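All remarks here apply to the structure that follows.
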Amino acid sequence: MRQLKIVDLLRPHWKALALGFLAVIGESATDLLQPWPLKIVFDNVLKSRSLHGHGWLNHLVLSTVGNDSLAILRFAAIAALAIAVAGAICSYTEKYLTTSIGQWVMHDLRLMLYSHVQRLSLSYHDHKQTGDLISRVTGDIDAIQSFIASGLLGVLINSLTLVGMPIVMFYINWRFTMIALSVAPVLFAVVYSYTRRIKKASREVRKKEGEIVSVIQEVLTSIRVVKAFAREDYEQRRLEEESLESVEMALHARSLKAKLSPLVEIIVAVGTSMVLWFGAHMVLSGDLSAGSLIVFIFYLGMMYKPMQELSKMTDAYAKAAVGYERIREVLETRRDVRDLPGARLAPPFKGRIEFEKVSFSYEPNRPVLRDISLRIEPGHVAALVGPTGAGKTSIISLIPRFYDPDSGQVKIDGRDIRRFTQQSLRRQISLVLQETLLFHAPVWNNIAYGKPGATRSEILRAAELANAHEFIEKMPEGYNTIIGERGVTLSGGQRQRIAIARAVIRNTPILILDEPSTGLDAGAEKVVFDALNRLMEGRTSIVIAHRLSTIRRADVIFVVKDGTIVERGRHEDLLKSRGLYSELYELQFCETEDTQHAS
Ligand code: UTP
Ligand code: MG
C-alpha cells in the first residue's frame, strides 16, 4: 500500500523550493524595508525632530553618506527604488517557481491517482460512483495544485512579514508596539475559529459537487434509456434537488468566509486608530520620531494584508486539505484482487481450467456461487447454460481474476491462478463480454485494442475471422471509420463482431465468450458462430449461450442454476437424462418450430 505524503510529492522539486524560499525571504525583507527610506527622509532631511539616533540604519546612513541633507535624500530615493526592484524580482521568481511546482505536483499526482484507480479491483468500481472518482482525479487535484501555487510559499511570506514587523517595531519602541499589537490576539482567535468552520463547510461542498457530477454522468451515459422512458423531467428534478443542496451548502461556506474578512478589517481598524491616537501624542511629547510613527502606521496598514491573505489561504488550504484527504482515501484503498507477494509470471498455458469447490459472493452473506467444481480439458469447448441470474457471468469472471473466490480455488494447468501476476494471467485470456464496449476511435484501433502494436494484416485477418471484414469495408471510411463511444453507430451484431475480432487478434490459449450472439437473429448468429468455431479450434473455450442449438457440439456442457452446477455432460447425454437441460432445449426447440411455422 502506498502512503501519500505531501513531502514525497514535493521532494523532487527541492531545488526550486529552495530558490523559492530565498525569494520569499527577499520578498519579506523588501516588504519590511519599504517604509525606511521614508523614515530616513523624515528624520534626517525634513528634520521634524532632532535625531534620536536609534538604530544602526541611521548610523550606517550617516557614516556612509554623511550629514549632507541632499546626499541623504539622494540615498533614500535610490534606496526606495532599489527596494522596489529587488522586491519585484523576488516576487516574480517566487510566483514563477511556485506555479511550476504546483503544476508538476498536479501532473505527478494525477498520474499516480489514475494509475491506482485503474488498477483497483472491479468490486471497488462496482460500488463507487464514477462521477465522484472523476471529481477526485480532476477537482481535488486542482485544489492541491492551486494551494501549492498560491499558498505554500505564500504562507511563508506572510508569516515572515507578520513576524518581522513586530520585531522591527519592538526595536523602535517596545511600549508603543504593545499598544499597536494589542488587537493581535483577538485577530488570531477570530481567524482560527473561522478557519475550522470554513474547512468543514468546504469539505461538504466538495462532496456534494462530486455527487452532482455523478448524477450528470450517469444520465449522460444512459441517455437512451432516459429518452426511451421519457424520464427527462424526473432526471431534471433529481439534478435540481442535488444542485439546490449544493447551492445551500456553498452559500453557508461562503457566508462564513464573507464574515471573516470584514471582521478582520474592523479589528485592524481599531488597532490603526489606536496607533494614530497614541502615536501622535508620543511624537508631540518627543518620545517617538515622526519617521518612526510613519513606519508604525505603514506596518499596521501592511499587517492587514498578510493577515487577510493568510485567512484567505486558510480557505485554499482547507480545500486542498480536503482534496488531499479524498485523494489519500482512494490511494489507500487496498485492492481486493492483487498480486500475491510471491506471484510469478504465468508460463504459456496449455489451457486446462479447473474450479475446485469455488464459492463466491459480490457482497458478504449473499452467496452467488456455491461449491462449484468443474474441469475443462485443454483445447476443449465448454458451454455454460442456465436461466438468467444463475451465475454464469460470475463463474467466468473468476478466471481472469476480476474477483477472487471466497473459498476454493480456480486453477489453470493445475496451478492456482493467484500464484500468477494478474497481467501475465490476463494476457493469455481473451474475453468477449456480455456487454460490448467500443472506444470512440477508428475501427482499426478498436480491434487493435486487444493487441497493441498489431499490424494491419493482423487486424484484417482478425476481422475476417470474426466475419466483420465485409461490413467494415462497406462503412463510409472502411477501417478508418470512427465509431461512437459505446459503438452506437453500429448494430448490435456488428458491435459484437468487432468485439470478437478484438479477442481474436490476441490469439490466446483461453477464450471466453459471454453470450456472443446476444441480440442477433438466427442468420447473423450462424455467421458469428461460424467465425467462433474457426476461432475456438485448438483453444480452451468457454461459451455462455442462451440459444442451445448453438452449443450442441460443445465438448462439455454445464447447466448452472442458482449458483450451482446442476447437470453436466454432452448434449446427447443431457437430453437423455431428461433434466433441466432437456427441458430448456425442448422449450426452445418448440419456439423455433413455431417461428418457422409462422414465417
Ligand atoms: P450473473 O451475472 O453471474 O448471472 O449474476 P448470469 O447467469 O450471467 O445471468 P445472465 O444470463 O447474464 O442474465 C448472478 C447473480 O449475481 C448477482 C446478480 O444479482 C445475480 O443474482 N450479481 C451480479 C451481483 O450481486 N453483483 C454483480 O456485480 C453482478
Ligand atoms: Mg451473464
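Just follow the structure's listing: the first ligand is 1, and inside any ligand the first atom is 1. Values reported hereafter were calculated over all heavy atoms of this structure, with side chains retained and with hydrogens, waters and symmetry mates removed. When a residue number appears, it is its place in the shown sequence, counting from 1. Only a predicted model underlies this, so the values are computations on that prediction, with no experimental measurement involved.
- Note on Thr393: counted as a metal contact of the Mg ion (ligand 2), an N/O/S atom lying under 2.8 Å.
- Residue Ile429 comes nearest to Ile512 through the heavy atom pair CG2-CD1, 3.8 Å, listed as atom of the first residue, atom of the second, then distance.
- Listed by number with element, the atoms of ligand 1 under 4.0 angstrom from any heavy atom of Gly391 are 1 (P), 3 (O), 4 (O), 6 (P), 7 (O), 14 (C).
- The closest donor-acceptor contact from the side chain of Arg502 to the backbone of Asn446 lies under 3.5 Å.
- Looking only at protein heavy atoms, the nearest one to atom 8 (O) of ligand 1 is Thr393 OG1, 2.5 Å.
- Close approach to Val368 involves these atoms of ligand 1, each under 4.0 Å from a residue heavy atom: 14 (C), 15 (C), 16 (O).
- When only non-hydrogen protein atoms are considered, atom 11 (O) of ligand 1 lies nearest to Lys392 NZ, 2.7 Å.
- The distance between the ring centers of Tyr403 and Tyr362 falls below 6.0 angstrom.
- Geometrically, Arg237 does not engage Tyr234 in a cation-pi contact defined by less than 6.0 Å to the ring centre and at most 45° from the axis.
- Scanning the protein for heavy atoms near atom 10 (P) of ligand 1, the closest one is Thr388 OG1, 3.6 Å.
- Those atoms of ligand 1 that come under 4.0 Å of a heavy atom in Glu515, given as number and element, are 11 (O), 12 (O).
- Annotation: Tyr403 places no N or O atom under 3.5 Å from an N or O atom of ligand 1; distance criterion only.
- Checking side-chain atoms of Lys392 against main-chain N and O of Pro387 turns up a donor-acceptor pair under 3.5 Å.
- Counting only heavy atoms from C-beta outward, the side chains of Tyr479 and His469 approach each other to under 4.5 Å.
- At the top of the distance list for atom 12 (O) of ligand 1, counting protein heavy atoms only, stands Gln434 NE2, 2.7 Å.
- Regarding atom 9 (O) of ligand 1, its nearest protein heavy-atom neighbour is Gly389 N, 2.8 Å.
- Taking every heavy atom of Ser394 and a limit of under 4.0 angstrom, the matching atoms of ligand 1 come to 1 (P), 3 (O), 5 (O), 14 (C).
- Contact between Val215 and Arg238 at its shortest, heavy atoms only, is CG1-NH2, 4.2 Å.
- Of all protein heavy atoms, the one closest to atom 18 (C) of ligand 1 is Arg366 NH2, 5.0 Å.
- A donor-acceptor pair under 3.5 Å is formed between the side chain of Asp555 and the backbone N or O of Val381.
- Below 3.5 Å of separation, one finds no N or O of Tyr362 facing any N or O of ligand 1.
- No donor-acceptor distance shorter than 3.5 angstrom exists from the side chain of Ser359 to the backbone of Asp406, with no hydrogens or angles considered.
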